[in-house]
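These numbers were taken from a predicted model, which means no experiment stands behind them.
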Amino acid sequence: MTQENLFYSLFKYRPRPNRNPLEDFVTEIIAYLLKKDSKLLKQYLYLIAPHSSSQIDSYNIDTQYLIKNGRRIDMVITWSCDYKKCSLFVEHKVDSVPWQTTNDKGENQTQVDEYCKYQDVLNSKSKEINNYVVLVSRYHLGSQAVFLKSPSYLGNFTWDQIVDVIKKRIKEASPSNINQFLFLEQEFINFMRRYSMAGFENLNISELSCIGHYKTYSEKIYSLNTSIIKSLSGVTEGYFKKFKLTKIEISGADNVANHYGLLFHNDKNNAGN
């Protein structure tokens with residue numbers, strides 16, 4: 001993508017707290033598009049909850065929605081269908097996974113587990129309400145979580161599935177009915193491509209050129225590592241005594257064969273942190 005893109009330009013001016021704001025940014029865009037385009041909303045809900053989206057009478061969409069247990073849900077969609085009220089908790093993950101904690105029984109519980117439990121309780125209180133939870137992430141995150149057993153859980157969807165829904169909406173629109181919201185939907189797809197959220201995309205010329213240089217790069221990195229190891233292997237015990245250095249054994253749980261580094265001391269021979 002070399003051409004300018006609306007959302008990519010806006011994201012350049014985002015606040016920069018001590019976290020990646022991409023998830024929140026994407027959530028706000030999706031919520032806005034679903035609010036403004038009822039046809040897109042119907043197709044979105046048909047993907048997520050086909051059994052509860054046959055006839056949408058009214059709907060509401062909120063982001064960063066605060067529930068009674070103090071948690072904030074990325075996006076909450078509420079709608080009426082066949083004289084029943086429905087609510088959908090949507091948890092968005094781009095470069096992260098659901099957080100994990102331990103409940104009172106000492107059992108591992110994820111973020112989505114907690115949301116499912118919350119919705120299950122609401123469902124048990126009334127047959128006139130359908131409450132659901134879904135997770136949208138880059139990939140399917142596996143089948144180990146407890147929330148898979150919850151009747152409220154509708155599944156782990158991926159960003160490319162959301163992109164496919166938007167593409168379908170744009171494709172079905174007649175040329176005479178292209179409006180600003182369809183333009184924004186196409187811009188959103190282009191934005192997601194920039195962050196590898198839209199599924200497989202063809203390699204461009206610059207990327208193919210990088211592949212051609214990769215072998216040379218890896219060979220040079222290996223040569224650099226060899227040179228560093230050779231230099232460090234020449235350090236004798238005399239160096240440690242002469243410069244008052246301390247040798248520190250390093251170990252880790254990762255699959256790394258060797259660790260090398262330099263430790264700088266201050267005048268008081270204190271390595272600090």
* **Tyr139: partners by side-chain contact (heavy atoms from CB on, under 4.5 Å), with sequence neighbours left out** => none
* To do: Answer yes if the side chains of Tyr115 and Gln119 hold a donor-acceptor pair under 3.5 Å, and no otherwise.
  => no
* Minimal non-hydrogen separation, Leu40 against Val165, with atom names -> CD1-CG1, 4.0 Å
* Listed partners of Asn123 passing side-chain hydrogen bond (donor to acceptor under 3.5 Å, both in side chains), at least two apart -> Asn131, Ser152
* **Ser227 side-chain N/O to Ser223 backbone N/O, donor-acceptor pair under 3.5 Å** => no
* Write down the atom of Asn69, the atom of Tyr118, and the distance for their closest heavy-atom approach. => ND2-CD1, 4.0 Å
* Asked: Taking only residues two or more places apart in sequence, or in another chain, which ones meet Tyr44 in a ring-ring contact (aromatic ring centres under 6.0 Å, His included)?
  -> none
* Taking only residues two or more places apart in sequence, or in another chain, which ones meet Asp37 in a salt bridge (charged side-chain N to carboxylate O under 4.0 Å, His left out)? -> Arg169
Under 3.5 Å, sequence neighbours excluded: what are the donor-acceptor pairs made by side chains of residues 212-220?
{"from": "Ser218", "atom 1": "OG", "to": "Tyr214", "atom 2": "O", "distance (Å)": "3.3"}
{"from": "Ser218", "atom 1": "OG", "to": "Lys215", "atom 2": "O", "distance (Å)": "2.8"}

* Please report the closest heavy-atom contact between Leu141 and Asn156, naming both atoms and the distance. => N-OD1, 2.8 Å
* Asked: When you measure from the side chain of Asp113 to the backbone N and O of Thr110, does any donor-acceptor pair fall under 3.5 Å?
  -> yes
* side-chain hydrogen bond (donor to acceptor under 3.5 Å, both in side chains) partners for Ser96, two or more places apart -> Glu23
* Could you pull out all residues at least two apart from Gln43 that satisfy side-chain hydrogen bond (donor to acceptor under 3.5 Å, both in side chains)? => Glu172
* Asked: Under 3.5 Å, is there a donor-acceptor pair linking the side chains of Gln100 and Gln111?
  -> no
* **Which residues share a side-chain contact (heavy atoms from CB on, under 4.5 Å) with Leu224, sequence neighbours left out** => Ile228
* Structure fact -> Of all heavy-atom pairs linking Leu154 and Ala49, the shortest is CD1-CB, 3.7 Å
* For the student: nearest non-hydrogen atoms of Pro50 and Tyr46, plus distance -> CB-O, 3.2 Å
* Return the orientation label for the Trp159 and His92 ring planes: parallel under 30°, perpendicular over 60°, tilted otherwise. => tilted
* To do: State which residues pass side-chain contact (heavy atoms from CB on, under 4.5 Å) with Gln186; sequence neighbours excluded, sorted by chain then number.
  => Ile170, Ile189, Asn190, Arg193
* Those residues that, when tested against Tyr65, pass ring-ring contact (aromatic ring centres under 6.0 Å, His included) (two or more places apart) -> none
* Asked: side-chain contact (heavy atoms from CB on, under 4.5 Å) with Ser196: which residues, sequence neighbours excluded?
  -> Arg138
* To do: Check whether the side chains of Thr63 and Glu28 place a donor and an acceptor atom closer than 3.5 Å, and report yes or no.
  => yes
* Asked: Between the side chain of Arg72 and the main-chain N/O of Gln64, is any donor-acceptor distance below 3.5 Å?
  -> yes
* To do: Could you pull out the closest heavy-atom pair between Tyr59 and Lys35, with the gap in Å?
  => OH-O, 3.2 Å
* Residue pair Thr27 / Asp24, side-chain donor-acceptor N/O under 3.5 Å -> no
* For Tyr132, all residues meeting ring-ring contact (aromatic ring centres under 6.0 Å, His included), sequence neighbours excluded -> His51
* Are any side-chain N or O atoms of Tyr195 and backbone N or O atoms of Met197, one a donor and one an acceptor, separated by less than 3.5 Å? -> no
